[in-house]
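All remarks here apply to the structure that follows.
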Amino acid sequence: MPELPEVEAVCGKLRAEAAGAPVRRLVIQRRRITSPDDPARVEAAAAGRTLDAIDRVGKNILLRLGPVTLHAHLRMTGNLCVIPDHRLRPAAASAWFELACGRGIVFEDPRGLGTLRLLDGPLPGLGPEPLDPGFTAERFVAAARASRQPAKLFLMDQRKVAGIGNIYAAEALFHAGIDPRRPIGRIAPRRLAALHAVVVRVLNDAVQFAYITYSRPGGFREADDYTPAVYGREGESCVACGTPIRRVAQGGRSTYFCPKCQR
DNA sequence: CTGCCCCTGTAA
DNA sequence: TTACAGGGGCAG
């Protein structure tokens, strides 16, 4: 589920509901999520701390617990949410925090690919935050011109830009009119500058959607989710020209695009 | 670069 | 039954 916009909404909701909350203890249910950390060590590190802050870096969530930082990554199907009673957690809980007030923060993850580890030091290898002022067109164009990756793989490369995933990479390239297979370094700087602006706009729009969706009781609601122009629409008509949307594989994952609008 | 792995649910 | 899923790390 989550790319930068959804992770941001998860963090925003956690901040609104649980920032400053004392943590009685942390329970690791699915041992694999702390790998290679020892689950008992992660549990012990969090017990009795206060959840001082919740930070997002790309798709990563940093839970600040006094001197301890826990690094959560939701991968494909993870979610972090506050529940009124920690005993009433969902079956797919990989881990949960029991707060002093009796509420819980649940790491729910049906597929179990998400991770929750101890972090010391900064997260390595992440590119600029696309919604921060430091993400300028100049820097983006320079990085792009130095790369020979296909445009979509470049956008999804967390070392180039942090937080973009399969959906928003495809959506940004559609709105910029760029073929996702095209080597990004061979695109004219002026078109790359346009892509930069589109990336920022697409992500900002998606953050708005995600906040609306996640701020409701019950959390995520399908009907209110962002409606993609190309993602997941293989064979359907392009919203701009009516041409059937195509699907190709890139980096082992599906890419959707309009062969007429995107060159 | 490709392919495989992690794991489970869901749809064709 | 197979394919695929909004992620990422690894080996070849």
Side-chain angles (χ1 to χ4, degrees), chain A residues 1-11 28-37 39 56-61 71-80 90-95 107-117 119 123-127 130 147-175 180-185 199 202-203 205-211 213-214 219-236 245-257:
Chain A
M1 199 173 54
E3 299 184 32
L4 183 153
E6 295 78 25
V7 176
E8 174 57 30
V10 166
C11 288
I28 305 295
Q29 179 73 7
R30 192 193 292 260
R31 297 179 59 82
R32 190 178 302 275
I33 73 165
T34 65
S35 176
D37 293 346
R56 180 190 60 73
V57 184
K59 301 172 193 170
N60 301 276
I61 298 169
H71 170 209
H73 197 300
L74 305 178
R75 287 291 200 276
M76 300 284 270
T77 53
N79 193 15
L80 270 174
S94 287
F107 193 131
E108 185 183 5
D109 189 3
R111 231 172 129 180
L113 299 177
T115 56
L116 182 65
R117 303 182 180 120
L119 182 72
L123 287 171
L126 283 180
S147 168
R148 279 166 291 186
Q149 286 174 293
K152 173 155 173 281
L153 296 184
F154 177 89
L155 290 181
M156 290 180 64
D157 186 338
Q158 304 299 298
R159 298 166 300 187
K160 306 299 198 306
V161 186
I164 303 175
N166 207 26
I167 291 187
Y168 300 118
E171 293 299 295
L173 289 167
F174 171 77
H175 291 293
R181 301 165 296 183
R182 197 158 154 209
I184 197 157
V199 163
V202 164
L203 291 177
D205 288 353
V207 167
Q208 304 309 311
F209 270 95
Y211 261 104
T213 300
Y214 279 88
F220 184 77
R221 285 217 336 217
E222 188 81 30
D224 296 325
D225 199 11
Y226 176 94
T227 304
V230 288
Y231 179 82
R233 299 191 63 241
E234 181 184 19
E236 296 176 38
I245 298 302
R246 282 192 56 196
R247 178 167 72 95
V248 296
Q250 285 186 291
R253 327 210 22 211
S254 291
T255 295
Y256 301 86
F257 68 105

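Proteins get letters first, then strands, A, B, ... in listed order; numbering begins at 1 in each. The model shown is predicted, which means the values in this text are computed figures rather than measured ones.
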Side chain to side chain, [X] and [Y], heavy atoms closer than 4.5 Å:
{"X": "A/S94", "Y": "A/L116", "value": "no"}
{"X": "A/L126", "Y": "A/N60", "value": "yes"}
{"X": "A/L155", "Y": "A/L173", "value": "yes"}
{"X": "A/N166", "Y": "A/K152", "value": "yes"}
{"X": "A/V7", "Y": "A/I61", "value": "yes"}

[options]: which one has an atom nearest the side-chain heavy atoms of [X]?
{"X": "A/R111", "options": "C/dG7, B/dC1, B/dC7", "value": "B/dC7"}
{"X": "A/P110", "options": "B/dG9, B/dC1, C/dG7", "value": "B/dG9"}
{"X": "A/M76", "options": "B/dC1, C/dG7, B/dT8", "value": "C/dG7"}

Apply side chain to side chain contact (heavy atoms under 4.5 Å, CB included) to residues A/T77 and A/L113 and explain how you reach the verdict.
CA-CA 7 Å; A/T77 53; A/L113 299 177; 5.8 Å; no
What does [X] touch in the nucleic acid at a heavy-atom separation under 4.0 angstrom: a base, only the sugar-phosphate, or nothing?
{"X": "A/G165", "value": "sugar-phosphate"}
{"X": "A/P228", "value": "nothing"}
{"X": "A/R247", "value": "sugar-phosphate"}
{"X": "A/S254", "value": "sugar-phosphate"}
{"X": "A/R148", "value": "nothing"}

To the nearest Å, how far apart are [X] [atom1] and [N] [atom2]?
{"X": "A/K152", "N": "B/dC1", "atom1": "NZ", "atom2": "P", "value": "12 Å"}
{"X": "A/K59", "N": "C/dG8", "atom1": "NZ", "atom2": "C1'", "value": "8 Å"}
{"X": "A/M156", "N": "C/dG8", "atom1": "CE", "atom2": "P", "value": "7 Å"}
{"X": "A/L113", "N": "C/dC10", "atom1": "CG", "atom2": "P", "value": "15 Å"}
{"X": "A/R30", "N": "B/dC6", "atom1": "CZ", "atom2": "C1'", "value": "11 Å"}
{"X": "A/N60", "N": "C/dG8", "atom1": "CG", "atom2": "C1'", "value": "11 Å"}
{"X": "A/Q250", "N": "B/dG3", "atom1": "CD", "atom2": "C1'", "value": "16 Å"}
{"X": "A/E234", "N": "B/dA12", "atom1": "CD", "atom2": "C1'", "value": "13 Å"}

Out of curiosity, A/M156 CE to A/T255 OG1, how far, rounded to the nearest 0.5 Å?
7.5 Å
Supply the atom-to-atom distance A/Q149 CD to A/K160 NZ, rounded to the nearest 0.5 angstrom.
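Output value for this atom pair is 4.0 Å.
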Say you pick atom P in B/dC7 and the same atom in C/dC10; how far apart are they, in whole Å?
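Straight-line distance between the two P atoms is 16 Å.
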Distance check, C1' atoms only: B/dC1 and C/dA5, in whole angstrom units.
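Straight-line distance between the two C1' atoms is 23 Å.
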Side-chain N,O ([X]) to OP1/OP2 ([N]) below 4.0 Å:
{"X": "A/H73", "N": "C/dG8", "answer": "yes"}
{"X": "A/Y256", "N": "C/dC4", "answer": "no"}
{"X": "A/R32", "N": "B/dC7", "answer": "yes"}

Ignoring hydrogens and angles, answer whether the base of C/dA5 and the side-chain atoms of A/R253 contain a donor-acceptor pair closer than 3.5 Å.
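Checked by distance alone, the answer is no.
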Reading 5' to 3' and counting Watson-Crick or G-U wobble pairs with both distances under 3.5 Å, write the dot-bracket notation for DNA chain C, | for bases paired outside the strand.
|||||.||||||
